[in-house]
Amino acid sequence: MNSSSFGEFAFDLQARQLTHRGERVRLGPRAFDIFASLASRPGEIITKDEIIKSVWGSTHVDEGALRVHLVALRKAFDDKGATGIIQNVAGKGYVFAASVTRKPPLDTPVQQVQEGNLPWPSRPLVGRDAVLARWAHERHRLASIVGPGGSGKTAVAIAIGNLLRLEKKVFHVDLTEARDQADLLSAVGKALLQRSCTILTVARIAEAVGDDDIMLILDGCEHIVDDVATFAETFVARTASAMVLATSREPLRSLGERVRYLAGLDLPGNGDAECSDPTPALAYFLEEALAAGAEINTSDPETMRLAANIVRRLDGLPLALELAAHRVRDLGISGLDAALHEPLAVLRFGRRTAPERHKSLRANLDWSYRSLTSEERDAFCTLVGTETTGSRHRRIDDEAMEGLISKSLLKFSSGSHAWFLSEASAQFAAELVAKQGRDNLGMPGMPGRSPHPTPEMGSGPRPN
């Protein structure tokens, strides 16, 4: 039932029911139809012709019939001490003068919340045991997993959900296609309540959940982070025990949020011992390469040294490692290592079933770039060609710099105490600069050259 109220009255238009203090108000069929026509648009002037068409359809009736049923309707309200609910506007029509409060649908109580929609993992995560053990037991009601694109935020969030699914209902909501608050509410409503209509609100969803013990995984929030922050904070405040776990390339910055930073998998060191006993990043790379049909001699020290070099250059990011592993069969380990000076050209064969942003490294960077402000985009391109030593870093706006750091688009060099672009990000930014040069000047651009002056750039805040 879709219940609404005004004063001491409640009504449900679908059930054709009007009550006063819980008792049924008797109305004839036509009188109720007139009431429904007016009450569905409170405060609006509705013409006589509109009411007649709504009540009688194509049947021709004169205004006398309308007036007869209006008299009966007004008398029903007058008898309950509610005089003046329906007012006549001379020469224009009628107005339902009461203030109507619309309540959540009565057919979506707590027990109507679904039992969860989380899939079981298709394979175990490599190198994330410690993270999962720690984060799954930190019962913060609002938490976010933040990290660069391709770090495995979605996989970790779903794994945490699966660890908790025996004690609570867990829902996964993919927000990568959402563009605004309405899309967000629709996606959450569809997951929790199997509803995707536009009338959903945070309050309505929260009331449906009530004190039900659930976890809501909001996945891929960076492009609508403001809307997600507002929703998550309000949703947690309005429910008794519901938990929200968001994945994003930047924190939500919501009240009560616990931020969990997810870096790449642990990298091998430079020594032979580290290469012979693979760390998680190297183990994952080798496993993916073998699964893709490559033949690798893991007993050869030079092969393992080059493989370790590859995973270090890719920062141990699972997506980049997976994309690189798929090229070993046709390039070989040494060929892949040599080709990584142009990572965007090499890392472009993702799984056919992967989300679009995970099918290539270029698509993944483009997804991140599109979430930047115009100032942050300018700063991103200004960093083209900088070196990790910090001697050629360019000075850019501090706020834009902090935005790039917050959105996980820069790396920190502990040696130079400065932030810089990864090889892939630098290539992507150089392409943007080159395209900007062609578009603005009608001539080929200069990859790797910044259109800005080149004084020293501030080193920015250091990572925690």
Side-chain angles (χ1 to χ4, degrees), residues 2-5 99-118 135 138-146 153-154 157-158 160-161 164-165 167-260 371 373 406-407:
N2 294 316
S3 179
S4 300
S5 63
S99 177
V100 173
T101 300
R102 305 193 186 281
K103 298 180 179 178
L106 297 182
D107 58 350
T108 56
V110 170
Q111 60 267 28
Q112 288 296 314
V113 172
Q114 304 306 301
E115 291 301 318
N117 66 352
L118 199 64
W135 290 353
E138 291 178 353
R139 301 305 176 90
H140 300 286
R141 294 197 56 204
L142 175 55
S144 59
I145 299 177
V146 175
K153 298 181 292 295
T154 297
I158 290 177
I160 290 173
L164 301 179
R165 70 187 301 168
E167 58 186 84
K168 60 175 76 262
K169 301 175 184 179
V170 184
F171 300 86
H172 176 252
V173 183
D174 184 354
L175 295 178
T176 55
E177 297 298 322
R179 290 295 173 264
D180 51 31
Q181 183 187 48
D183 287 350
L184 164 63
L185 293 172
S186 178
V188 174
K190 186 175 182 180
L192 266 66
L193 312 172
Q194 292 191 340
R195 293 172 177 266
S196 57
C197 53
T198 57
I199 61 171
L200 287 172
T201 63
V202 182
R204 179 166 294 183
I205 294 172
E207 185 162 340
V209 172
D211 59 359
D212 223 3
D213 196 8
I214 75 164
M215 168 182 271
L216 189 60
I217 298 174
L218 302 178
D219 192 19
C221 302
E222 52 271 359
H223 58 301
I224 53 168
V225 67
D226 291 339
D227 291 322
V228 174
T230 300
F231 170 86
E233 187 175 307
T234 305
F235 179 75
V236 167
R238 286 177 172 265
T239 54
S241 59
M243 297 172 64
V244 172
L245 177 61
T247 72
S248 176
R249 299 187 187 185
E250 65 174 309
L252 303 183
R253 300 207 304 269
S254 293
L255 180 65
E257 175 189 13
R258 177 62 176 262
V259 180
R260 298 160 169 170
S371 72
T373 66
S406 175
K407 294 174 181 178

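Keep in mind that what you see is a predicted model, and the values were worked out from it rather than measured. Side chains included, hydrogens not; waters and symmetry mates left out as well; all remaining heavy atoms used.
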>> Consider side chain to side chain contact (heavy atoms under 4.5 Å, CB included). Of Phe235, Phe171, Phe231, which one does Leu218 pass it with?
In response: Phe231
> So how far is it from Arg258 CZ to Leu252 CG, rounded to the nearest 0.5 Å?
Replying inline: 14.5 Å
>> Please give me the minimum heavy-atom distance between His223 and Gly220, naming the atom from each residue.
In response: CE1-O, 3.1 Å
> Once you round to the nearest 0.5 Å, how far does NZ of Lys153 lie from SG of Cys221?
Replying inline: 10.5 Å
> Distance from Arg139 atom CZ to Met215 atom CE, nearest 0.5 Å?
Replying inline: 7.5 Å
> Is a donor on one side and an acceptor on the other found under 3.5 Å between the side chain of Asp180 and the backbone of Ala182?
Replying inline: yes
> Do you know the tightest heavy-atom contact between Ala232 and Val244?
Replying inline: CB-CG1, 4.1 Å
> Step by step, would you call Leu245 with Arg260 a side-chain contact (heavy atoms from CB on, under 4.5 Å)?
Replying inline: CA-CA 10 Å; Leu245 177 61; Arg260 298 160 169 170; 3.8 Å; yes
> Is there a side-chain contact between His172 and Ile158 (heavy atoms, below 4.5 Å)?
Replying inline: yes
> Heavy atoms, side chains only, cut-off 4.5 Å: are Arg141 and Thr239 in contact?
Replying inline: yes
>> Keeping Glu233 on the side-chain end and Ala229 on the backbone end, is there a donor-acceptor pair under 3.5 Å?
In response: no
> With side chains defined as the heavy atoms from C-beta onward, is the minimum distance between Ser248 and Val228 less than 4.5 Å?
Replying inline: no
> Is the closest side-chain heavy-atom distance between Ile224 and Arg179 below 4.5 Å?
Replying inline: no
> Atom CD of Glu250 and atom CD of Glu222: how far apart are they, to the nearest 0.5 Å?
Replying inline: 8.0 Å
> Distance from Asn117 atom CG to Lys169 atom NZ, nearest 0.5 Å?
Replying inline: 12.0 Å
> Got a sec, which residues hit side chain to side chain donor-acceptor pair (under 3.5 Å) with Thr230, two or more places apart in sequence or on another chain?
Replying inline: none
> Got a second to check how far Asp219's CG is from Thr247's OG1, nearest 0.5 Å?
Replying inline: 3.5 Å
> Is any side-chain heavy atom of Leu216 closer than 4.5 Å to a side-chain heavy atom of Val209?
Replying inline: no
